[in-house]
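The structure appears below as structure tokens.
What's counted below: heavy atoms across the whole structure, side chains too, no hydrogens, waters or symmetry copies. For the single chain, residues carry numbers from 1 onward in sequence order.
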Amino acid sequence: MEAWKTMIAETLKKIEVGQPRTFAGLSVYPLTGDLGEASSYTVLDDALRAGTARVTETSRSGSVPELKFHNEGDRPVLVVDGEELAGAKQNRIVNLTILVPGKSEIVIPVSCVEAGRWASVSDRFDATPQFMYARARSGKAMHVSAAMRMSGSRASNQGAVWDDIGQKQRELRSTSPTARMTDTFEQNRASLEDYVRNLPLVDNQAGAVFALAGKVSSVELFDSPATLTKMWPKLVRSWALDALPLANRPHDVQPVDAARTLLADVAGATVTEHEALGLGTDLRFDGSGLSGGALVHDDRLLHLCVFRDEQQGSPGNGDDWTSWRSSRMARASRRRGA
């Protein structure tokens, strides 16, 4: 594991942390640096738009925690933790970052973000213009890490995902006949676009540290500015949804050193290694107040997303995990009509 820690630390050493840009409760510290030539892959939105990739249910009957990814192109496709897919029997989000090989079909782990629908509206999925919002994405990352450590699966705590979406809808007074996460984004779209306009990228930016109401919360880093440019509006909207209730609260913007401290904590954290579903190696951060993951391929850090654990429960023992897993399976079965 020391080799992976060294790789992460060496990558982060190449990163410069810029002065924060702040808008309505959300601060962004740009991460810039020369990370070398970008890897040759296609991002999910581009592959779906070009028709070189398709995402479908695993079968006619479907499976809540799984989807099938068909990559019909020659290049790998990068599917990023938290990206949302809409359509088929119910909307889902991706549980962790995956590099799908060219000319391949693989089953990918997902979480449902539309608890009230299990009826097909299309034969395939489309990408939406947002990631799962940051608070729920953080909790999902922690549960996925626990599942990987304890059972080797990449399952989320589905019940917790649904509960969090319900809480967010109550918090923002949004409505949805199927408890669909996308409805909350759509009903707040005008406000979210204000964040996108007011928090632009800087030159050569490949990542960012995010802070809500002055509290440094997460780091997200890609292997090239080109990839971040394509992901940026989605990422900002995901953080903005959590920032909306904080927009009018007074707070101090933390100095750049606060962002540097988070990077140092990530560089020094313990990581566990797991064989990736597609290409590369999965690394998981699970402990020391951090949760999240990274994907490495060809000795290159393709994507890193790490959260500080804030007011989230964590699996402390096997009994805790068993109860969470039982809850997830029971609720998933109800969605299948079992």
- Hey, does the side chain of Arg300 reach the backbone of Asp223 with a donor-acceptor pair shorter than 3.5 angstrom? yes
- Message: Checking side-chain polar atoms at under 3.5 Å, does Asn204 have a donor or acceptor matched by the opposite partner on Thr32?
- Response: no
- Correct closest heavy-atom pair for Ser40 and Pro76 would be O-CD, 3.5 Å
- Taken to the nearest 0.5 Å, the spacing of Tyr133 OH from Glu84 CD works out to 11.0 Å
- Query: Any idea how Phe23 and Tyr195 line up, ring-wise: parallel (<30°), tilted (30 to 60°), or perpendicular (>60°)?
  - Reply: perpendicular
- Task: Check for a donor-acceptor pair, side chain of Arg284 on one end and backbone N or O of Ala141 on the other, with a separation under 3.5 Å.
- Result: yes
- Mind checking whether Met132 and Met181 have side chains closer than 4.5 Å, heavy atoms only? yes
- Atom pair CZ/CG of Phe185 and Leu172 - distance to nearest 0.5 Å: 9.5 Å
- Message: Does Asn248, at its CG atom, have more than 12 non-hydrogen atoms belonging to other residues, nucleotides or ligands within less than 6.0 Å?
- Response: no
- Query: Between Ser174 and Gln169, does any side-chain donor sit less than 3.5 Å from a side-chain acceptor?
  - Reply: no
- Message: Testing the basics here: between Val110 and Arg92, what is the closest heavy-atom pair and its distance to 0.1 Å?
- Response: CB-CB, 3.8 Å
- Gap between atom CG of Asp81 and atom CG of Asp282 - 0.5 Å precision: 10.0 Å
- Query: If two hydrophobic side chains count as joined below 4.5 Å and joins carry through other members, does Tyr29 share a cluster with Leu290?
  - Reply: yes
- SB check Arg237 Glu193 (cutoff 4.0 Å): yes
- Linking I/L/V/M/F/W/Y whenever any side-chain heavy atoms sit under 4.5 Å apart, do Val236 and Val80 land together? yes
- Would you say the side chains of Ser111 and Asn95 form a donor-acceptor pair under 3.5 Å? yes
- Task: Go through the steps to decide whether Thr97 and Leu78 satisfy the test side chain to side chain contact (heavy atoms under 4.5 Å, CB included), and finish with yes or no.
- Result: CA-CA 7 Å; Thr97 299; Leu78 185 70; 3.8 Å; yes
- Nearest-0.5 Å distance that lies between atom OG in Ser238 and atom CG in Leu192: 9.5 Å
- Do Ser145 and His143 meet the criterion of a side-chain donor-acceptor pair at a distance under 3.5 Å? no
- Exam field: side chain Trp232 to backbone Leu199, donor-acceptor pair closer than 3.5 Å: yes
- Message: Do Phe285 and Leu304 have side chains that approach each other closer than 4.5 Å (heavy atoms only, starting at C-beta)?
- Response: yes
- Task: Kindly determine whether Leu212 and Lys215 satisfy side chain to side chain contact (heavy atoms under 4.5 Å, CB included), including the steps that lead there.
- Result: CA-CA 5 Å; Leu212 286 171; Lys215 181 177 288 187; 5.6 Å; no
- Message: So Phe69 and Glu105, do their side chains get closer than 4.5 Å, heavy atoms only?
- Response: no
- Is Asp164 salt-bridged to Arg135, cutoff N-O under 4.0 Å? yes
- Is Arg154 salt-bridged to Glu66, going by a charged N under 4.0 Å from an acidic O? no
- Taking the side chain as every heavy atom from C-beta outward, state whether Asp126 and Leu85 have any atom pair closer than 4.5 Å. no
- Smallest separation among heavy atoms of Ala206 and Ser224, with atom names: CB-C, 4.0 Å
- side chain to side chain contact (heavy atoms under 4.5 Å, CB included) between Val219 and Val266, intermediate numbers included: CA-CA 9 Å; Val219 56; Val266 171; 4.0 Å; yes
- Does any non-hydrogen side-chain atom of His70 lie less than 4.5 Å from one of Val55? no
- Item | Side chains of Leu221 and Leu12 in contact at under 4.5 Å (non-hydrogen atoms) | yes
- Task: Write down the atom of Trp4, the atom of Val296, and the distance for their closest heavy-atom approach.
- Result: CZ3-CG1, 3.5 Å
- Message: Quick check for you: to the nearest 0.5 Å, what is the distance between Lys5 atom NZ and Glu10 atom CD?
- Response: 13.0 Å
- Task: Verify whether one side chain among Gln130 and Arg189 offers a donor that lies under 3.5 Å from an acceptor in the other.
- Result: yes
- Going by an N to O cut-off under 4.0 Å, is there a salt bridge joining Asp123 and Arg54? no
- Item | Lys/Arg N to Asp/Glu carboxylate O, Glu83 vs Lys234, below 4.0 Å | yes
- side-chain hydrogen bond (donor to acceptor under 3.5 Å, both in side chains) assessment of Ser104 paired with Asn71: CA-CA 5 Å; Ser104 70; Asn71 184 2; 5.0 Å; no
- Message: Using modelled atom types and a 3.5 Å cut-off, is there a donor and acceptor pairing between side-chain atoms of Glu57 and backbone atoms of Ser59?
- Response: no
- Query: So, Ser122 side chain and Gly87 main chain: donor-acceptor pair closer than 3.5 Å or not?
  - Reply: no
- Message: Quick one: does any side-chain atom of Ser156 pair with a main-chain N or O of Lys140 as donor and acceptor, under 3.5 Å?
- Response: no
- Message: Between Ile98 and Leu96, is there a side-chain heavy-atom distance shorter than 4.5 Å?
- Response: yes
- Item | Phe131 backbone acceptor or donor facing Arg137 side chain under 3.5 Å | no
- Distance col, row Asp183:CG vs Glu186:CD, nearest 0.5 angstrom, shows 5.5 Å
- Message: Side chains of Asp46 and Tyr41 only: does a donor on one sit below 3.5 Å from an acceptor on the other?
- Response: no
- Query: What closest approach, in Å, do Pro200 and Arg197 show between heavy atoms, and which atom pair accounts for it?
  - Reply: CD-O, 3.9 Å
- Query: Should Val28 and Val196 be counted in the same cluster of Ile, Leu, Val, Met, Phe, Trp and Tyr side chains packed under 4.5 Å apart?
  - Reply: yes
- Note on the structure: When every non-hydrogen atom of Val256 is compared with those of Pro20, the smallest separation belongs to CG2-CD, 4.1 Å
- Task: Treat each ILVMFWY residue as a node, draw an edge where side-chain heavy atoms are under 4.5 Å apart, and state whether Leu48 and Ile106 are in one component.
- Result: yes
- Message: Using only atom types and a distance under 3.5 Å, with no angle test, would you say the side chain of Gln254 pairs donor to acceptor with the backbone of Val216?
- Response: no
- Check whether any side-chain heavy atom of Thr281 sits under 4.5 Å from a side-chain heavy atom of Leu283, and report yes or no. yes
- Could you walk me through whether Trp118 and Cys112 pass the side chain to side chain contact (heavy atoms under 4.5 Å, CB included) check? CA-CA 10 Å; Trp118 188 247; Cys112 169; over 6 Å; no
- Do Val209 and Leu26 sit in the same hydrophobic cluster, where Ile, Leu, Val, Met, Phe, Trp and Tyr count as joined when their side-chain heavy atoms come under 4.5 Å apart? no
- Task: Please check if any side-chain donor atom of Arg117 sits under 3.5 Å from a side-chain acceptor atom of Asn91, or the reverse.
- Result: yes
- Message: Given 3.5 Å as the limit, does a donor-acceptor pair link the side chain of Lys68 with the main chain of Val107, or not?
- Response: no
- Message: If the threshold is 4.0 Å, N to carboxylate O, is there a salt bridge linking Lys168 and Glu171?
- Response: yes
